[in-house]
Amino acid sequence: MSGGGTETPVGCETAQGGGSKKRDSVGTAGSAHLIIKDLGEIHSRLLDHRPVIQGETRYFVKEFECKQLMIQSVDSNRRNRNEKRFITTI
């Protein structure tokens, strides 16, 4: 103890040694929790396709509605032309 002042008391050495076992067990539980969390994220990205399907469904409905509106306008124009032709032939 009288040398360089870098020595630690004996009680602290045993506390550090005992603490490392506790840290290992806590670290293992913490790392297990992280692994489970990572597995949950992997599962949701690989196997949970609901967000993708919902997006595709929205896109399909939007495109279908746009095409329906275009068809209706084309049909309306055809009807108007046919009515004009019919009226002029009478």
Side-chain angles (χ1 to χ4, degrees):
M1 288 199 66
S2 63
T6 57
E7 296 177 8
T8 56
V10 177
C12 290
E13 288 178 4
T14 56
Q16 289 176 353
S20 66
K21 289 182 182 178
K22 288 182 181 178
R23 279 189 224 136
D24 289 341
S25 64
V26 171
T28 304
S31 62
H33 176 71
L34 291 175
I35 290 171
I36 292 170
K37 182 179 176 184
D38 288 342
L39 285 175
E41 290 178 11
I42 290 169
H43 176 269
S44 67
R45 287 186 183 198
L46 291 177
L47 302 176
D48 186 14
H49 300 295
R50 281 178 283 174
V52 175
I53 292 172
Q54 288 172 352
E56 290 291 326
T57 305
R58 277 190 228 113
Y59 177 77
F60 176 79
V61 169
K62 187 177 182 181
E63 288 293 313
F64 183 77
E65 288 173 348
C66 287
K67 287 181 182 178
Q68 286 294 88
L69 290 174
M70 287 175 37
I71 290 171
Q72 288 174 358
S73 68
V74 168
D75 288 343
S76 175
N77 289 339
R78 284 183 185 160
R79 246 183 274 124
N80 290 340
R81 276 186 272 156
N82 288 338
E83 288 174 1
K84 287 179 184 177
R85 286 182 189 161
F86 181 72
I87 293 173
T88 58
T89 58
I90 295 183

In this structure, OG of S31 is separated from CD1 of I36 (nearest 0.5 Å) by 9.5 Å

Any donor-acceptor pair under 3.5 Å linking the side chain of T57 with the backbone of I53?
yes

Separation between OG (S44) and CG (L39), nearest 0.5 Å, reads 11.0 Å

Apply the side chain to side chain contact (heavy atoms under 4.5 Å, CB included) test between Q72 and each candidate in L69, V74, D75; give the one that qualifies.
L69

Identified side chain to side chain contact (heavy atoms under 4.5 Å, CB included) counterpart of V61 within the set E63, R58, E65:
E65

Inter-residue atom distance H33.NE2 - D38.CG, 0.5 Å rounding:
9.5 Å

Consider side chain to side chain contact (heavy atoms under 4.5 Å, CB included). Of K62, Q68, K67, which one does F64 pass it with?
Q68

